[in-house]
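Protein chains get the first letters and strands the later ones, always in sequence-line order, with residue 1 at the start of each. For the numbers below, each heavy atom of this structure counts, side chains included, while hydrogens, waters and symmetry mates do not.
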Amino acid sequence: MNVKELRQLFPILDQQVNGKPLVYLDSAATSQKPLPVIEAIDNYYRQYNSNVHRGVHTLGTKATDAYEGAREKVRRFIGAASTEEIIFTRGTTTAINLVAASYGRANVREGDEIVITYMEHHSNIIPWQQVAKQTGATLKYIPLQPDGTIRLEDVEQTVTPNTKIVAVMHVSNVLGTINPVKEIAQIAHKNGAVVVVDGAQSTPHMKVNVQDIDCDFYAFSGHKMCGPTGIGVLYGKKHLLEQMEPVEFGGEMIDFVGLYESTWKELPWKFEGGTPIIAGAIGLGAAIDFLEQVGLDHIAEHEHRLAQYALAQLATIEGLTIYGPKERAGLVTFNIDGVHPHDVATVLDAEGIAVRAGHHCAQPLMKWLNVTATARASFYLYNTEEEIDALVSALKKTKEYFSYVF
Amino acid sequence: MSFNSHLDTLYRQVIMDHYKNPRNRGVLEGEHVDINMNNPTCGDRIHLTLKVEDGKIVDAKFEGEGCSISMSSASMMTEAIKGKTIEEALKLSTIFSDMMQGKDYDDSIDLGDIEALQGVSKFPARIKCATLAWKAMEKGLHGQQGQS
């Protein structure tokens, strides 16, 4: 994998921020977009913009082919059995909400349990809080180890025959922990529960096969994997999706409409009410082509190297705390003693370095870590060791700067 | 040491002094106005208590968690409004808001330390940090106005 060549495909990276070369270390929030993705969207709007599934005209057919072609690319990308199992959504949040509102409300009863973990992103907490409130079910949390990993014994302890849903993130957006979702799915299934996996931080960075994991639902976003914002995917096992009711009603998703009753289209369209996110899906399809061309294994290897390099370099800074396990995905979350992460992020920004500061949409995890906020540097296929050197050097300056102004 | 003059416009010495040695830190006892506010996008939070007598703020204390900008701004705000009438405090808040947005503001009132926060207007991502305590104060005093 030639990172220098790859960087040429990301025009945004070639710029100065505050007089310094941009060092973009916030890909876990959103990734940058390569030319093939930008061009695919541009091309759609310039050449064949049209609504899908209804036009008899040529552009309509072209748009439909591209939209459904993207669905097939997604199917192949995550190893699903059929395109009927691939539903386009607005993103991970919408995908999880769809499962909660449809499957959750229909199948969870008073006295049942929904099991999640302490490390979840808000988008995989609040939909389940809502289902628990509405149904009278109990929401339970799988505890974490001090290094921010999950032990399967604790999963066994928490999941019981009363558990109806186990919802867990594949990769933590704060700790970088890679969760044993396949084993968790086995434990859930043994207890008669379904498993919902939040794949927002996994699909951009590693090979994912939903049939191998044997999860019942898998959700992810396009914009974190080189695709545009506003497009995401819900994968669901066909027999589950078939029994589920849509949550949005209107055009596109119907079969027959009467005055008082209507029937729905087949899978996957019954879940895609309204004009779909056509350009988004086409952009996501182009992103998948791009990632597969680079090779997911190469990307994972590159990021693993960067993360290990960053861990080693950051450890040389006195008073810097790193959160999460050693074996991790391509991100590092940290704090510097005496300097608030917002101040860290502002000083880094003045050096052209973009990192995230805050609670990372994981307030329960922040509470578990006993911090109110942290700073996070996250890496992707276009990042380099030199950029990590720039980060480390800027962090050292940050420390000096704040010890001076104090 | 200063490696970046752009940063020096934000992190003025007086701001750092308020951050390190916050004035009026704590919680008032007895009858008081109690306001909790947070910035959900970043996790900063403030707990502000105000003692208001005859339309005048006779005491103010705050506690909370946040960055240097949000905590120093809270410290300066509590210092500035003590002894002021509700109307004067709200006027000050308007001036501060204008200052944060980079607008021309009423400079007939001596702002004291608060002036040091002017540089925040050049850092759009940090304006919300600076205004948190002031929004809490406004919320508390608007409630008082409604009562009188």
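- Taking the six-membered ring for Trp and the full ring otherwise, the centers of B:F123 and A:H342 sit at least 6.0 Å from each other.
- Only the side chain of B:D44 comes within contact range of chain A, with at least one heavy atom under 4.5 Å from a heavy atom of that chain.
- For the options A:H359, A:H360, A:Q363, heavy-atom pairs under 4.5 Å to chain B are most numerous at A:H359.
- Of the atoms belonging to B:L10, it is side-chain heavy atoms, and not backbone ones, that fall under 4.5 Å from chain A.
- Ring geometry, A:Y141 versus A:Y118: the interplanar angle falls from 30° to 60°, so the pair is classed tilted.
- Smallest separation of non-hydrogen atoms from A:L331 and A:L175: CD1-C, 4.1 Å.
- With no hydrogens or angles considered, no side-chain donor-acceptor pair links A:T374 and A:N335 at under 3.5 Å.
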